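As the structure is a prediction and not an experimental result, all values here were calculated from the model. A note on names: the letters A, B, ... follow the listed sequences, proteins ahead of strands, and every chain is numbered from 1.
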Number of protein chains: 2
Amino acid sequence: MLISELNRSLALVAWHFGPKGLNGQCCGDLSMPEFIALEKVSSARDCSVQAVGDCLGFTKSGATRIVNRLEKKGYVEKRKSSQDGRVCCVVITPKGEAILKQVDRQYLQQLEALQSKMPPAVVPEIGPVIIALAGAIKG
Amino acid sequence: MLISELNRSLALVAWHFGPKGLNGQCCGDLSMPEFIALEKVSSARDCSVQAVGDCLGFTKSGATRIVNRLEKKGYVEKRKSSQDGRVCCVVITPKGEAILKQVDRQYLQQLEALQSKMPPAVVPEIGPVIIALAGAIKG
DNA sequence: CCATTTAGTTGACGATGTCAACCTTTTTTC
DNA sequence: GAAAAAAGGTTGACATCGTCAACTAAATGG
């Protein structure tokens, strides 16, 4: 037992919900990083290309590429900022909003399916724990 | 708010602890899938190449490749099975055991650092929730 | 004993992200 | 206010990584 139970579980959960876990695709033709990027675009006002890259830990070059991919798929649009001519504001399209809603439903269904296999006592704790972890990561 | 708080958090946590989150490397020269593969090898007796692939959701081709990478780095060895000449038993080396222990320490430290930023009430729930989630995924 | 199945490997390929060099626009500095 | 520095973004070359399909070798079953 070289790896503690907690770490083994954490890795499994991260892998399951991560890039390769859900058949390499979150939903439809959206990969995991594309989903995170799209969510960022949907929730940030006047979202620059680099802001997208930052939330993924990508270089600005990688940021350009993932935004371009989302644009080609019709989920976002790039608009030159009126305040700063260097900046591209990335904006979500209606098609992008639709697929985000769809992913949300699918994820929640996934979680519900898992909950039915878990001891009932821990089920109400899932939300608070995950949200607190995410808060700590961001903070 | 197209994506629920829970899903947003879940994606962030998966990304943070996943392939790209920790600088693309779990620890040293070990990528996330390599870590999972090595952990599998360390805990399974007479672990075949395909067993490694299965725990990652890889094809047998991908399994060969990740085992070869681990072998080149000196973390595992391949031995022809004495029972079945087709099968390669993948065995962890002392060097592989050492890095696993090191990753375990680093992960636990990471978690501790996060815990200090979380509301104290949820901290004791982290372990049970993560382990229960992992159990539900496996089951 | 030959046909089928199974474990594993390999070449070609596509997807994805980095690095470095570059252009453009803004900000700083003197 | 003009030159220099900095910042946002793009692009070509490249490395990594996993899949697909074709292959070899070993086991299994009529």
**OP:** May I have the distance from B/I36 (atom CD1) to D/dG18 (atom P), rounded to whole angstrom?
**Re:** 11 Å
Original post:
Less than 4.5 Å apart, any side-chain heavy atom of A/Q106 and any of A/Q110?
Top reply: no
Original post:
Partners of A/R65 by side-chain hydrogen bond (donor to acceptor under 3.5 Å, both in side chains), sequence neighbours excluded?
Top reply: none
**OP:** Would you indicate what A/S61 reaches in the nucleic acid, counting non-hydrogen atoms under 4.0 angstrom: base, sugar-phosphate, or nothing?
**Re:** base
**OP:** Would you mind reading off the distance between B/M32 atom CE and D/dT16 atom C1', rounded to a whole angstrom?
**Re:** 18 Å
**OP:** Mind grabbing the angle between the end helix axes of the helix from C/dC1-D/dG30 to C/dC30-D/dG1? Five pairs an end, 10° rounding.
**Re:** 20°
**OP:** Would you give a per-nucleotide map of nucleotides 23-30 of chain D, 5' to 3', where B means the base has a protein non-hydrogen atom under 4.0 Å away, S means only the sugar-phosphate does, and - means neither?
**Re:** ---BS---
Original post:
Do A/K95 side-chain atoms and A/K73 backbone N/O form a donor-acceptor pair below 3.5 Å?
Top reply: yes
Subject >> Minimum heavy-atom distance B/S43-A/R8, with the two atoms named >> reply: CB-NH1, 4.3 Å
Original post:
Can any side-chain N or O of B/W15 pair as donor or acceptor with the backbone N or O of A/P33 at less than 3.5 Å?
Top reply: no
Original post:
Within the distance-only criterion (no hydrogens, no angle test), does the side chain of A/S48 pair as donor or acceptor with the backbone N or O of A/C88 below 3.5 angstrom?
Top reply: no
Subject >> Atom-to-atom span, CD of B/E77 to C1' of C/dG8 - whole angstrom >> reply: 18 Å
**OP:** Return yes if some donor-acceptor pair links the side-chain N/O of B/S9 with the main-chain N/O of A/A134 below 3.5 Å, else return no.
**Re:** no
Original post:
If every non-hydrogen atom of A/L133 is compared with every non-hydrogen atom of B/M118, which pair is closest and at what distance?
Top reply: N-CE, 3.7 Å
Subject >> Stretch residues 62-73 of chain B: residues that reach within less than 4.0 Å of DNA chain C through a heavy atom >> reply: B/T64, B/R65
**OP:** Please work out which residues in residues 40-50 of chain B have a non-hydrogen atom less than 4.0 Å from an atom of DNA chain C and list them by number.
**Re:** B/S48, B/V49, B/Q50
**OP:** Enumerate the residue pairs fulfilling salt bridge (charged side-chain N to carboxylate O under 4.0 Å, His left out) with a member in residues 122-139 of chain A, sequence neighbours excluded, ordered by first and then second residue.
**Re:** none
Original post:
For A/D54 and D/dG8, what is the distance between atoms CG and C1' respectively, to the nearest whole Å?
Top reply: 12 Å
Original post:
Less than 3.5 Å between a donor and an acceptor, one on the side chain of A/S31 and one on the base of C/dT16, is that the case here?
Top reply: no
Original post:
Between A/F35 and B/I3, is any pair of side-chain heavy atoms under 4.5 Å apart?
Top reply: yes
Subject >> Residue pair A/H16 / A/V13, side-chain heavy-atom distance below 4.5 Å >> reply: no
Subject >> Shortest side-chain distance from A/C88, nucleotide among D/dC20, C/dT9, D/dT10 >> reply: D/dT10
Subject >> A/V90 vs A/E71 side-chain heavy atoms within contact, under 4.5 Å >> reply: no
Subject >> Interatomic distance where CZ belongs to B/F58 and P belongs to D/dC20 [whole Å] >> reply: 12 Å
Original post:
Going by heavy atoms in the side chains, are A/I99 and A/D29 under 4.5 Å from each other?
Top reply: yes
